[in-house]
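Working notes for the structure below.
Letters go in sequence order (proteins before strands), and every chain restarts at 1.
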Number of protein chains: 2
Amino acid sequence: MENKQFEKISKALSDANRIAILQKFKKKKKDCVYCSDINETLDLTQPSVSHHLKQLVDADLLISEKEGRNIKYFLNDEVLDAYIQALNLLKA
Amino acid sequence: MENKQFEKISKALSDANRIAILQKFKKKKKDCVYCSDINETLDLTQPSVSHHLKQLVDADLLISEKEGRNIKYFLNDEVLDAYIQALNLLKA
DNA sequence: TTTAAATATTCAAATATTTCGATGTATTTA
DNA sequence: TAAATACATCGAAATATTTGAATATTTAAA
């Protein structure tokens with residue numbers, strides 16, 4: 001993984017609200033989470049949530065999929081694994 | 001690992017200069033790196049390098065040890081592993 | 001014990017990020 | 001087609017981060 005992508009992912013992970021978003025995937029026991037769910041959970045306005053989701057998508061940590069007027073998000077396990085691998089390489 | 005610590009580590013990892021610092025540990029094939037080495041490598045003034053090193057130490061990614069008027073840094077593998085574990089938990 | 005070397009701290013400027021109100025766009029429903 | 005719903009974008013304010021010049025501190029050497 002390129003340093004630039006590593007930096008971008010780290011930045012995406014460096015905010016309490018975005019961490020909370022990612023943790024929703026674990027708690028839900030479903031593989032997708034809806035934008036509206038996140039809007040309800042976080043104590044932020046809709047534009048702020050939209051901004052945070054965009055950062056996660058731009059970092060490729062989340063994959064978004066349109067479903068009518070809703071948006072579904074999926075955790076991108078491949079990118080998460082690649083990030084973990086890059087971290088493991090630091091220990092070499 | 002607490003979310004707060006996870007956030008702090010992610011933030012520490014979200015800067016190109018700090019990533020370059022961490023990669024010096026791999027490249028050197030030695031387990032410690034001196035402050036002066038990093039000052040020579042990075043294209044930044046000494047106070048800026050000092051600031052970045054402080055962030056890595058504050059996030060517990062680096063352990064610092066005084067040696068005369070020099071400072072030696074060690075990579076904190078335990079914290080790196082704990083961070084990796086927290087990332088793996090996101091996939092659950 | 002003065003001087004030099006290595007690193008830290010302070011302060012301010014530049015830049016980036018976060019947040020939200022207002023508004024725009026797309027899609028569904030009435 | 002008009003209204004409502006879900007989400008995105010814009011613009012601005014508040015806040016945080018990055019950077020370096022100046023200076024302080026600590027330790028070693030002369």
Salt bridge (Lys or Arg N to Asp or Glu O under 4.0 Å) involving B:Glu78 - partner list, sequence neighbours excluded: none

A:Gln55 CD - D:dT9 C1' separation (whole Å): 15 Å

Any protein N or O atoms within reach of nucleotides 2-5 of chain D? Criterion: under 3.5 Å, listing atom names and distances.
from	atom 1	to	atom 2	distance (Å)
D:dT5	O4'	A:Arg69	NH1	3.2
D:dT5	O2	A:Arg69	NH1	3.4

Close side-chain approach of B:Ile9 to B:Met1, heavy-atom, < 4.5 Å: yes

Rounded distance in Å - NZ (A:Lys72) to C1' (D:dA6): 15 Å

Heavy-atom contact window of chain A on DNA chain C, given 5' to 3' at under 4.0 Å: C:dT17 to C:dT29

With B:Glu7 via side chain to side chain contact (heavy atoms under 4.5 Å, CB included) - residues at least two apart: A:Ala16, A:Ile19, B:Lys4, B:Lys11

Pair listing, salt bridge (charged side-chain N to carboxylate O under 4.0 Å, His left out) test, anchored in residues 47-61 of chain A, at least two apart: A:Lys54-A:Asp58

A:Glu7 CD - D:dT17 C1' separation (whole Å): 13 Å

Sequence-distant partners of A:Glu40, salt bridge (Lys or Arg N to Asp or Glu O under 4.0 Å), two or more places apart: none

Touch class at under 4.0 angstrom, heavy-atom based, for B:Glu67 against every strand present: nothing

Set out, line by line, the N/O atom pairs under 3.5 Å between protein and nucleotides 19-22 of chain D.
from	atom 1	to	atom 2	distance (Å)
D:dT19	OP2	B:His52	NE2	2.4
D:dG20	OP2	B:Thr45	N	3.0
D:dG20	OP2	B:Thr45	OG1	3.1
D:dG20	OP2	B:Ser48	OG	2.9

Side chain to side chain contact (heavy atoms under 4.5 Å, CB included) involving A:Ser36 - partner list, sequence neighbours excluded: A:Tyr34

A:Ser50 or B:Gly68, whichever maps to the more 5' nucleotide of DNA chain D: A:Ser50

Qualifying residues under side chain to side chain contact (heavy atoms under 4.5 Å, CB included), relative to B:Asp81, sequence neighbours excluded: A:Lys91, B:Ile84

Donor-acceptor side-chain pairing of A:Gln55 and A:Asp15 below 3.5 angstrom: no

Set of side chain to side chain contact (heavy atoms under 4.5 Å, CB included) partners for A:Thr41, sequence neighbours left out: A:Lys24

Side chain to side chain donor-acceptor pair (under 3.5 Å) partners for B:Tyr83, two or more places apart: A:Tyr83, B:Ser10

Under 4.0 angstrom between B:Lys66 side-chain N/O and D:dT27 OP1 or OP2: yes

Set of side chain to side chain donor-acceptor pair (under 3.5 Å) partners for B:Thr45, sequence neighbours left out: B:Ser48

